[in-house]
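First comes the structure, then the notes that go with it.
In what follows, chains are A, B, ... by sequence order, proteins preceding strands, each numbered from 1. Side chains included, hydrogens not; waters and symmetry mates left out as well; all remaining heavy atoms used.
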Amino acid sequence: MNVLLYGHNPAPSIVAAQQLDDSHIRLYKRRDEEIVQEDVEFFPFLFLSQPSFLAGYDRKHWLKDLAGSNSFRTLAVFTRWSDLWEAIRIILEKERTTTARRLEGYTDAESLHVRPDPVGQYLMQSGSTLFKGMEFTDLRRMQISVLTGPPSRSARAFDEPILAVALSDTTGWEIVLDAHKSGEAGLLAELTHVIRERDPDVLEGHRIFEHDLAVLLRRSDHHERPLSIGRDGSEARLLQGRWAGQESDHEASLADIAGRHVVDTSLLAEVYDFSRRSLDSLDLGTLATHFGASGRRVQFSGHPAFLWKEDPRRAHTLVLQNVHDIRLISDYLSPSSFYLTQMVPLSYGVVARTGSAVKIESLLLREYLRQKHSVPRPGHGTQTTGGYADVFLTGVFEKIVLADVESLYPSIILQRNIRPATDELGIFSALLRDLVALRLEAKRSMAAAATVAGRAKLDALQSSFKILINSFYGYLAYSRALFNDFAKADEITKTGQALLRKILGQIELHNGQVVEVDTDGVYFIAPDNVEGVEAETLLVDRISSSLPEGIELIPSGRYRKMLSYKKKNYALLGYDGTLTIRGSALVSRSMERFLRRFLRLAVSNLLDENIAGLHTLYATFHSDIAHHRWEALDFCRTETIHDPFSVYEREIGEGKRNPAAAYEVARRAGRIVKPGEKVSYYVTGTSAGVKVSENCRLAEEWDPHFPDENTAYYLGRLEETAAKFEIFFNPEDFRKIFTVDDLFGFDPAGVRIVTRRMVPEEAPPSPDPQETDEFRIWLGES
DNA sequence: AGCTGTGGCAGGGAGG
DNA sequence: CCTCCCTGCCAC
């Protein structure tokens, strides 16, 4: 086991060091021609030099002992105490001789100097190592929800007082602390007491960093009362990023509670939804419903502070419902992070909030440090290619089969033995190979698991393997990755493109008609002689067998009908009647709700070939708009603010970007919007051609008694949206359907949905370096 | 403070 | 009108 020495400075010039006791070391540093000494505490990592120490520890104590461990910078790695001076000598030597690119046998100090963080992450493995052998259910998880308000005119958002705090934990215990009873300061004191008494390992909340902990810390500060909820009695700390509120998507606030892990269910939900795109919103209530929250639920749309005043009993139920929801969401989403923690040298709280590149890198680093091998610096450059996407047919089609290449990029990496050029130890592919094998094993055991709980655990395990496996490719093209390799990333995507083109050829060879292809999957019309699941599966299997070893094409969906519109934009009608719509042109959260509804109904009608329905739909919407038969939520547009106002204004000034309604409307309403916040606005004025950024108001300002939305503009929006259907009809039919001018009634007779064959894009016979004979043989081309 | 990628569509503003 | 460029959102 390694011992790590660290200091406060990124690269202190250490000339000597002396061990004082089990947790302190005295460093002698050169500073301005004179030697100064500094005593450094390196708890808890010395702890790890003798793992046998852990044997007698119970969980409560070692978690406490791991308190506050990530605030130091790195210096060197060595295995035995006797190596300390040797490590320092070599590093000093290194600093003198700039020619040596690598320290034989030791971690390259230059790299550590440039990027101290990764080793900091490595240090965190202390936590994760200790999670080994634990079950998710062993954790004591506490849920928290802080109710604030009501918003006052003068106060900033965070100065709103706390009304109540709800807490619950995995033992079934729950409580609502009420500021009415003992005042806000009393509530905070009670909260501190309760948390330390219940002593949770994990504190869970929904937007817990942005909201609950931020509020608690601010109000504690206001009352000049420490929020001592650390396991060692220390205060919770808010780590404010240096660039907070500058050029980032989210407010950078992270809270650090010694000896406890903080998990934000909204982040977990974001990751969960990223791959599924099935959720309308990531609100607590929406998520809880998605995960099957049962029973009668308290619904309240206004600011909960008002409910607290008007109906305390219901408000009480509402805040408790919040913590129940948090627990439910966490029950589903956090186990995979928990099991990841057993594989990755990062602590649970960190695993739950960091991205996958960090996790891959931590694994690579762990092995490099273990082998005491130098670590490369990130390479410069960019990736030039990505996935292959194309649409061959537009219109409505039947008997659709979706065939996917299983784990396309991981398979290519393994089969083509791709690894970053800087990975001298060859850890990259070995790691991936192991993870794939482990995942298969977990999936096999899952199928054989006897209990529901056992299956759930193995499912969490295999899904955490999956997260890692799928990140290997992305890691290569990540500009800040230590082991990045853009050329190799390109090699992977180009190989993927070649495979897809080969699959397209094979499908056509078997008389299937390809409708759409995107990266690793193909939608095609099954050939006439292929009827039913078995026949379709057989066909896909046959095509799969023509592919290289280890590249598997699998049937992954079959649909009664498909509407193909543009690349990455289509709709599917399942054999069970479910309608799925994909693509930013057809479904988008930024699109006005009435247009989303219109599109969904129109697509549905089109798939049913209900032309009369389509016409009625258009006419109805047209009339509703013209007569203001709607509410602001129907026609407002909701956008997420990504840049701070300062950046927006600067870039406008520099002419780098144009005025945007979302920012302008917030500015005019005097609202301070921070990155990550959403703004809902609608368009005012009287003509369709108005400049939106100058004619818009906040959605909440709309008054149904004096509707001032721009009817001409919104009729125009309807028309623009209807125009998307032009491609599905011939011009006369299109005009006939999408008009309100039908004095003599509408007759759908003779209207046919048009199918169009898209001109295939110039498929470059890619002059890749990959287009070698060896590659062609691998691909199976003669 | 921490941060995976490319490809694609829509909508708006500015300027020709 | 058109084209260019930007942002935002989405597919994979």
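Aromatic pair A:Phe594/A:Phe598: centroids not less than 6.0 angstrom apart.
Remark: the backbone N or O of A:Leu267 is not paired with any side-chain donor or acceptor of A:Arg353 at under 3.5 angstrom.
For A:Ser336, there are no side-chain hydrogen bond (donor to acceptor under 3.5 Å, both in side chains) partners, not counting sequence neighbours.
Across all strands shown, A:Tyr681 has no heavy atoms under 4.0 Å from either base or sugar-phosphate atoms. A:Thr354 comes within 4.0 angstrom of sugar-phosphate atoms only, judged by non-hydrogen atoms across all strands, and of no base. Among the heavy atoms of the strands, none lies under 4.0 Å from A:Tyr475. Using a 4.0 Å heavy-atom distance criterion, A:Tyr565 is classed as a sugar-phosphate-only contact. Using a 4.0 Å heavy-atom criterion, one finds that A:Thr493 contacts no nucleic acid atom at all.
Note that A:Arg593 lies outside the cation-pi zone of A:Phe635, set by a 6.0 Å cut-off to the ring centre and a 45° limit from the axis. Annotation: cation-pi geometry satisfied between A:Arg657 and A:Tyr663 (NZ/CZ under 6.0 angstrom from ring centroid, within 45° of ring axis).
Between A:Tyr713 and B:dG12 there is a side-chain N or O to OP1 or OP2 distance below 4.0 Å.
Here the separation of C:dA11 from B:dT4, taken at their C1' atoms, is 16 Å to the nearest Å.
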Inset, instruction - Spell out protein contact along nucleotides 6-12 of chain C as letters: B when the base is contacted, S when just the sugar-phosphate is, - when no protein heavy atom is under 4.0 Å; keep the 5' to 3' order. - result: SSSBSBB
Inset, instruction - Dump the intermediate steps for side chain to side chain contact (heavy atoms under 4.5 Å, CB included) on A:Leu572 and A:Tyr570, then the final yes or no. - result: CA-CA 7 Å; A:Leu572 299 162; A:Tyr570 55 86; 3.7 Å; yes
